[in-house]
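Inspection log for the structure reproduced underneath, given as structure tokens.
This structure is a prediction, so every number in the text was calculated from the model and none was measured.
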Amino acid sequence: MAIVISKQKNAETLMDSVENISGINIRGCLQCKKCSNGCPVAGITRTGPAETIRRLQLNTGDELLENDLVWMCVSCETCFARCPMKIDMAAVMDALRHIALQKKSKGHNGNVPLFNKSFLNTVRIFGRTYDLGMLALYKIGTSSYLQDTDKFPMMLKKGKIALLPSFKADKKYIKRIFKNKKDIK
Ligand code: SF4
Ligand code: SF4
């Protein structure tokens, strides 16, 4: 059988896109699974971090964007601390979220994308995260105005939430980041 060598460049795979956005070398993963063993949410997600990486390597397609870990990863960096290849999984998950939003993937887990957007909007406005502003945006988006409000006085008393945003942020610098990354949603 004749083998035809095409000059046409292969289309960018999901792994290529993730590597380009995150700057992480996914190909270096050894599948030692230290990340999955330490991940605090892997026990409740269908796919763990090591499997996510493996699926990217095997180019199993955009179905991976519907992976619940993409939206449930809490960016704790435990996996990064344990990884012998220094693969920053939180950055990989950020890239996957970004691509999922761009492609309007249907795999969004409940209101997590709205939470993500509320967080980014407060950083965009105040130069730093502002919990109260983020909660307000989230509650407006979900129309869940009274849900969990009973916890608010205790959080305030324990200093877990501030009434006012921080004024220490370098807003100009943050604005420049958002300007350079126009596709941050
Ligand atoms: S800890 Fe690192 S090398 Fe090991 S499976 Fe996870 S990502 Fe791959
Ligand atoms: S950063 Fe995400 S994937 Fe890594 S251990 Fe934490 S929750 Fe799991």
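Atom CG of residue Leu96 and atom CG of residue Asn67 lie 8.0 Å apart, to the nearest 0.5 angstrom. Note that OG1 of Thr142 is 7.0 Å distant from CD of Gln147, once rounded to the nearest 0.5 Å. Taken from CE in Met15 to CG in Asn25, the straight-line distance is 8.5 Å, to the nearest 0.5 Å. Atom OH of Tyr138 sits about 11.0 Å away from atom OG of Ser143, to the nearest 0.5 Å. Leu69 CG to Cys39 SG: the interatomic distance, rounded to the nearest 0.5 Å, is 5.5 Å. With rounding to the nearest 0.5 angstrom, the CG atom of Leu135 is 8.5 Å from the OG atom of Ser118.
At distances below 3.5 Å, not a single donor-acceptor pair connects side-chain atoms of Lys103 with backbone N or O atoms of Leu65. Looking only at distances, no side-chain donor or acceptor of Arg124 sits under 3.5 Å from a matching main-chain atom of Lys175. Using a distance-only test at 3.5 Å, with no hydrogens or angles considered, no donor-acceptor pair links the side chain of Asp131 to the main chain of Ile161. The closest donor-acceptor contact from the side chain of Asn116 to the backbone of Val112 lies at 3.5 Å or more, if one exists at all. Remark: the backbone N or O of Ala90 is not paired with any side-chain donor or acceptor of Ser75 at under 3.5 angstrom. Not a single donor-acceptor pair under 3.5 Å links the side chain of Thr45 to the backbone N or O of Gly48. Checked by atom type and distance alone, the side chain of Glu19 pairs as donor or acceptor with a backbone atom of Ile26 at under 3.5 Å. Listed for the Tyr130 side chain is a donor-acceptor partner under 3.5 Å among the backbone atoms of Leu163.
By the 6.0 Å contact criterion, CZ on Phe115 is open, its count of non-hydrogen atoms from other residues, nucleotides or ligands being 12 or less. Other residues, nucleotides and ligands place no more than 12 heavy atoms under 6.0 Å from the NZ atom of Lys157. Environment of CD in Glu63: sparse, with no more than 12 heavy atoms of neighbouring residues, nucleotides or ligands closer than 6.0 Å. No more than 12 heavy atoms of other residues, nucleotides or ligands sit less than 6.0 Å from atom OH of Tyr173. Under a cut-off of 6.0 angstrom, the local environment of NZ in Lys139 is crowded, with over 12 non-hydrogen atoms contributed by other residues, nucleotides or ligands.
Hydrophobic clustering keeps Leu137 apart from Leu120 (ILVMFWY residues linked when any side-chain heavy atoms are closer than 4.5 Å, directly or through intermediates). Under a hydrophobic-cluster definition in which Ile, Leu, Val, Met, Phe, Trp and Tyr are linked whenever side-chain heavy atoms come within less than 4.5 Å, directly or via other members, Ile177 and Met134 are assigned to the same cluster. Note on Ile21: it clusters hydrophobically with Met93, by side-chain heavy-atom contacts below 4.5 Å among ILVMFWY residues. In this structure, Leu132 is not a member of the same hydrophobic cluster as Phe119, with clusters built from ILVMFWY side-chain heavy atoms closer than 4.5 Å.
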So Leu64 and Thr52, side-chain contact (heavy atoms from CB on, under 4.5 Å) or not? Walk me through it.
CA-CA 7 Å; Leu64 188 60; Thr52 302; 4.2 Å; yes

Given side-chain contact (heavy atoms from CB on, under 4.5 Å), test Arg128 with Thr122 step by step and report yes or no.
CA-CA 7 Å; Arg128 265 186 196 195; Thr122 57; over 6 Å; no

Verify side-chain contact (heavy atoms from CB on, under 4.5 Å) between His98 and Asp94, making sure each step is shown before the conclusion.
CA-CA 6 Å; His98 181 74; Asp94 273 346; over 6 Å; no

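For the residue pair Val123 and Phe178, the shortest heavy atom distance occurs at CG1-CE1, 4.0 Å. What you find for Pro84 and Leu30 is that their closest heavy atoms are CG-CD1, 4.1 Å. Here the shortest heavy-atom pairing between Phe126 and Lys171 reads O-CE, 3.7 Å. When every heavy atom of Glu66 is checked against every heavy atom of Arg46, the shortest pair comes out as O-NH2, 3.5 Å. When all heavy atoms of Val74 and Pro40 are compared, the pair lying nearest together is CG2-CG, 4.4 Å. Minimum interatomic distance between Pro49 and Met89 (heavy atoms only, all atoms of both residues): CB-CE, 3.5 Å.
The closest side-chain heavy-atom distance from Lys160 to Met154 is not below 4.5 Å. Taking 4.5 Å as the limit, some side-chain heavy atom of Asp148 sits within range of a side-chain heavy atom of Lys151. Within the 4.5 Å cutoff, the side chain of Asp62 has no heavy atoms near those of the Ser105 side chain. Counting only heavy atoms from C-beta outward, the side chains of Arg54 and Cys29 never approach each other to under 4.5 Å.
Of the listed residues (Asp88, Val92, Ile87), just one forms a side-chain contact (heavy atoms from CB on, under 4.5 Å) with Phe80, and that residue is Asp88.
A salt bridge is absent between Asp170 and Arg176: the closest approach of a Lys/Arg side-chain nitrogen to an acidic carboxylate oxygen does not fall below 4.0 angstrom. The pair Lys33-Glu51 does not count as a salt bridge, with every side-chain nitrogen at least 4.0 angstrom from each carboxylate oxygen.
In the hydrophobic clustering, where aliphatic and aromatic side chains (Ile, Leu, Val, Met, Phe, Trp, Tyr) are joined below 4.5 Å either directly or transitively, Ile140 groups with Tyr145.
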